[in-house]
Amino acid sequence: EYSRLLIKKSVGRDSLIIQAINAIDELDKSINIHIERLREWYGLHFPEMDRLVKNHEKFANIVAEFGFRDKIEREDLRKVAEESAGADLGKEDIAVIQSFANAILGLYEIRDEIERYVDRTLKEIAPNLRAIAGSILAARLISLAGGLDKLAKMPSSTVQLLGAEKALFRYLSGKGKSPKHGIIYIHPYIQKAPPKLRGKISRLLASKLSIAAKIDYYGGEFIGDKMRK
């Protein structure tokens with residue numbers, strides 16, 4: 001009975017966040033595989049559209065909505081479609097491709113729904129971390145750490161390098177350079193910074209994220225906006 005109680009208590013809201021962000025990653029992989037197949041498949045009918053529509057979701061939307069290339073209403077595509085080198089396909093062929101495109105759009109909808117769920121849940125359990133990192137990065141940090149409790153107990157230097165463990169081990173083995181950042185590299189403050197300043201910005205950002213995680217886990221007040229400023 002005591003073991004059952006411990007198991008129930010071990011499943012916190014942060015465990016749900018970890019599962020949700022892993023689901024998003026797996027959906028991204030699936031979407032990329034399927035969209036590549038859709039581009040090749042529809043390319044038999046309208047090959048020119050592959051280079052004209054770079055956004056994957058827009059590509060799937062166009063295929064799902066219009067099907068035949070001569071029915072596409074977008075001005076830039078309609079002109080190209082008239083002189084397309086693609087093969088003429090039958091109704092059944094296009095219907096199957098449209099069904100596949102709709103399935104991909106369904107994956108996009110599920111992904112968006114899970115992302116909104118992650119944002120709502122983080123607003124509840126880690127508002128300070130979310131305010132500084134954003135919902136996706138905050139969720140990835142919790143996942144890499146193994147939970148909000150473990151993230152809160154980590155020094156900022158460890159938070160800075162979460163996700164760069166392989167590069168760190170290579171450096172410690174005498175191979176390669178010391179990594180300046182891990183997953184926090186996706187934060188816009190680091191991505192937009194000049195390369196020579198990214199190390200300093202990473203340290204500063206990691207220290208704030210570490211403080212935010214501690215405040216969230218130990219039940220402090222919300223000061224995320226002040227910390228971000």
Quiz item: Would you call the rings of Phe100 and His34 parallel, tilted or perpendicular if under 30° counts as parallel and over 60° as perpendicular?
Solution: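 Rings of Phe100 and His34: perpendicular, over 60°.
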Measure the [atom1]-[atom2] distance between [X] and [Y] for me, rounded to the nearest 0.5 Å.
X	Y	atom1	atom2	result
Arg140	Ile17	CZ	CD1	12.0 Å
Ser30	Leu107	OG	CG	6.5 Å
Ser143	Gln19	OG	CD	8.5 Å
Leu205	Tyr185	CG	OH	13.5 Å
Lys71	Ile94	NZ	CD1	9.5 Å
Asn32	Lys29	CG	NZ	10.5 Å

Given side chains that start at C-beta, do those of [X] and [Y] come closer than 4.5 Å, heavy atoms only?
X	Y	answer
Ile184	His181	yes
Ile21	Ile142	no
Ile136	Ile24	yes
Glu109	Glu113	no

Distance-minimising heavy-atom pair for [X] and [Y]:
X	Y	result
Ile18	Gly146	CD1-C, 3.9 Å
Ala133	Ala138	CB-N, 3.9 Å
Ala152	Ala213	CB-O, 3.6 Å
Gly86	Ser84	N-OG, 3.0 Å
Ile114	Ala20	CG2-O, 3.6 Å
Arg51	Lys54	O-CE, 3.2 Å

Self-check item: Lys/Arg-Asp/Glu bridge criterion (N-O < 4.0 Å) met for Glu115, Arg111
Solution: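 Salt bridge between Glu115 and Arg111, a charged N being under 4.0 Å from a carboxylate O: yes.
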Quiz item: Under a 4.0 Å N-O cut-off, is there an ion pair linking Arg78 with Glu73?
Solution: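 No, this pair does not count.
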Would you find a donor on one side and an acceptor on the other, under 3.5 Å apart, between the side chain of [X] and the backbone of [Y]?
X	Y	result
Asp216	Leu129	yes
Thr121	Tyr117	yes
Lys214	Leu151	no
Arg39	Asp50	yes
Gln160	Lys180	yes
Asn128	Gly224	yes
Arg228	Ala131	yes

Practice problem: Identify which one of Ile72, Val53, Ile62, Val63 satisfies the side-chain contact (heavy atoms from CB on, under 4.5 Å) criterion when paired with Phe46. | Solution: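 Among the candidates, only Ile72 passes.
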Quiz item: For Leu77 and Phe66, what are the C-alpha separation, side-chain angles and deciding distance, and is it a side chain to side chain contact (heavy atoms under 4.5 Å, CB included)?
Solution: CA-CA 12 Å; Leu77 294 176; Phe66 300 109; over 6 Å; no
Quiz item: How about Glu36: does its CD atom have over 12 heavy atoms from other parts shown lying under 6.0 Å from it?
Solution: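 Counting other residues, nucleotides and ligands, CD of Glu36 stays at 12 neighbours or fewer.
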Quiz item: Is the CD atom of Glu124 crowded by more than 12 outside heavy atoms at less than 6.0 Å?
Solution: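 Yes, enclosed.
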Could you list the donor-acceptor pairs under 3.5 angstrom formed by side chains in residues 194-203, with sequence neighbours left out?
unit_1 : atom_1 : unit_2 : atom_2 : d
Arg198 : NE     : Ile190 : O      : 3.3
Arg198 : NE     : Ala193 : O      : 3.1
Arg198 : NH2    : Gln191 : O      : 3.4
Arg198 : NH2    : Ala193 : O      : 3.3
Ser202 : OG     : Arg198 : O      : 2.6

If Ile, Leu, Val, Met, Phe, Trp and Tyr residues are connected whenever their side-chain heavy atoms lie under 4.5 Å apart, and connections chain through other members, are [X] and [Y] in the same group?
X	Y	result
Ile97	Leu52	yes
Ile35	Ile33	no
Leu204	Leu141	no

Exercise. Go through His56 and Leu38 one step at a time and tell me if the side chain to side chain contact (heavy atoms under 4.5 Å, CB included) criterion holds.
Key: CA-CA 10 Å; His56 295 329; Leu38 178 65; over 6 Å; no
Self-check item: side-chain hydrogen bond (donor to acceptor under 3.5 Å, both in side chains) contacts touching residues 88-105 (sequence neighbours left out)
Solution: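 Sorted result for residues 88-105: Arg69-Asp88.
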Quiz item: Can you check whether His45 and Tyr42 have ring centres sitting under 6.0 Å from each other?
Solution: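 Centroid distance His45-Tyr42: below 6.0 Å, so yes.
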Practice problem: May I have all residue pairs that pass ring-ring contact (aromatic ring centres under 6.0 Å, His included) and include part of residues 186-229, sequence neighbours excluded? | Solution: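 Sorted result for residues 186-229: His187-Tyr189.
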